[in-house]
2 protein chains.
Amino acid sequence: MARKRFDDSSCSVARALNEVGDWWSLLIVLQAMYGTRRFVDFQQELGIARNILVDRLCRLVDNEVLRKVDVGEHGPRFEYRLTDKGRDLFPVVIALRQWGDRYNPSPDQPPLDLRDRPSGRPIRQLEVQDAEGKPLTVRDVFVAEDNNEAPSNGKKQA
Amino acid sequence: MARKRFDDSSCSVARALNEVGDWWSLLIVLQAMYGTRRFVDFQQELGIARNILVDRLCRLVDNEVLRKVDVGEHGPRFEYRLTDKGRDLFPVVIALRQWGDRYNPSPDQPPLDLRDRPSGRPIRQLEVQDAEGKPLTVRDVFVAEDNNEAPSNGKKQA
DNA sequence: CAATCCGGTTTCATATTGCAACCCTATTGC
DNA sequence: GCAATAGGGTTGCAATATGAAACCGGATTG
């Protein structure tokens with residue numbers, strides 16, 4: 001049967017996963033962050049089937065994660081470029097990468113060494129922080145109740 | 001055909017997606033962060049099919065994101081609890097939530113108001129930062145070359 | 001002793017995925 | 001001027017994954 005959709009879920013995580021929660025979409029976005037823009041390049045670098053790539057690119061364009069730009073001076077040539085919405089997936093990708101590096105390091109290779117251009121020093125480990133910038137774990141965070149709602153039994157964890 | 005696997009990919013994002021990159025796994029982890037531990041509760045709160053839930057829970061246990069604990073004083077009762085590895089998906093979930101809140105807000109409801117317990121103030125927007133804590137965009141970050149490798153044509157973006 | 005809860009397994013119809021082959025336009029190489 | 005090749009797809013098919021619902025067996029409850 002059809003995959004279940006969460007377009008109208010009240011949970012924003014579910015709605016986000018609806019757009020980039022499949023096996024390929026985030027990898028396409030990642031590849032775009034590396035600078036890839038052309039259909040054939042995505043296809044070769046990811047090793048994705050062409051029909052699936054068409055489908056994912058269209059979906060990402062529909063969801064405004066990518067923009068399809070016609071660069072066809074002579075003949076049909078297109079580029080798929082990240083939008084601001086797509087670029088704002090950067091923290092998601094970095095969070096996943098750091099988690100993967102920590103718990104599933106590659107046996108053959110060291111993790112990618114990401115640095116910032118101005119200083120040339122490695123970027124920071126991403127962490128959830130409070131208003132002052134102090135790190136928070138799952139257990140430190142709770143969902144504040146909406147005052148207009150009926151009060152619930154107790155504070156839920158994040 | 002079978003879904004393509006990335007177990008041995010050199011990319012840690014791909015390897016991470018291999019473990020939690022399907023439609024349900026991250027939602028199960030999220031639900032676990034809310035405090036859900038029992039099979040029936042996951043099933044009812046997520047509306048997931050029972051056979052799929054069994055499969056995902058097993059996969060997550062295999063990957064050490066969850067631990068299956070026998071709490072059967074009388075009769076078979078189990079709890080699925082987050083491991084440290086699972087809890088460390090917190091930044092991933094928060095990053096997705098903030099992205100979803102920003103670009104796909106629910107028309108009916110305000111986004112969840114997450115606060116930290118000690119101060120009661122909203123948590124920070126997650127951001128990729130340099131060593132000093134200054135925010136970085138995709139374009140600020142590059143992949144430092146491994147010195148042992150042959151030098152490549154140019155610095156790639158993150 | 002029947003009804004219910006918990007944690008599954010089984011069956012079946014439908015979707016999704018991956019591969020490979022094909023297509024059309026446009027640019028090359030010669 | 002014509003074949004070869006590149007870009008960006010589409011189509012058909014077989015292998016899988018998903019979802020709904022039925023079934024199951026032990027334990028507890030009424």
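Labels below follow one simple rule: chain letters A, B, ... track the order of the sequence lines, proteins then strands, and each chain is numbered from 1.
Distances shorter than 4.0 Å separate none of the side-chain N or O atoms of B/Trp23 from OP1 or OP2 on D/dA17.
One atom, CD1 of A/Ile48, and another, C1' of C/dA20, lie 16 Å apart when rounded to the nearest Å. Taking atom CZ on A/Arg56 and atom C1' on D/dG8, their separation rounds to 18 Å, with Å as the unit. Atom pair A/Arg5:CZ and C/dA15:C1' shows a separation of 11 Å (rounding to whole Å applied). Taking atom CG on A/Asp70 and atom C1' on C/dA26, their separation rounds to 13 Å, with Å as the unit. The CD atom of A/Gln43 sits 14 Å away from the P atom of D/dT10 (whole-angstrom rounding). Going from atom NZ of A/Lys4 over to atom P of D/dG19 covers 7 Å, rounded to whole Å. Taking atom CG of A/Leu53 as the reference point, atom C1' of C/dA20 lies 16 Å away to the nearest angstrom. Regarding A/Ile52, its CD1 atom lies at a distance of 14 Å from the P atom of D/dA17, rounded to whole Å.
Salt bridge annotation for B/Asp116-A/Lys134: absent, with no cationic side-chain nitrogen under 4.0 angstrom from a carboxylate oxygen.
Cation-pi contact between B/Lys68 and B/Tyr80: absent, since separation from the ring centre below 6.0 Å together with deviation from the ring axis within 45° is not met. The cationic atom of A/Arg5 (NZ for Lys, CZ for Arg) lies less than 6.0 Å from the six-membered ring centre of B/Trp23 and within 45° of the ring axis.
Counting heavy atoms from C-beta outward, A/Leu112 and A/Arg97 have side chains that approach closer than 4.5 Å.
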*Reading 5' to 3' through nucleotides 4-13 of chain C, protein heavy-atom contacts under 4.0 Å coded B for base, S for sugar-phosphate only, - for none*: -BSBBBBB-B
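Between B/Trp24 and A/Phe6, the distance from one ring center to the other falls under 6.0 angstrom.
Checked against side chain to side chain contact (heavy atoms under 4.5 Å, CB included), A/Arg87 has the following partners two or more places apart in sequence or in another chain: A/Leu82, A/Asp84, B/Val138, B/Arg139.
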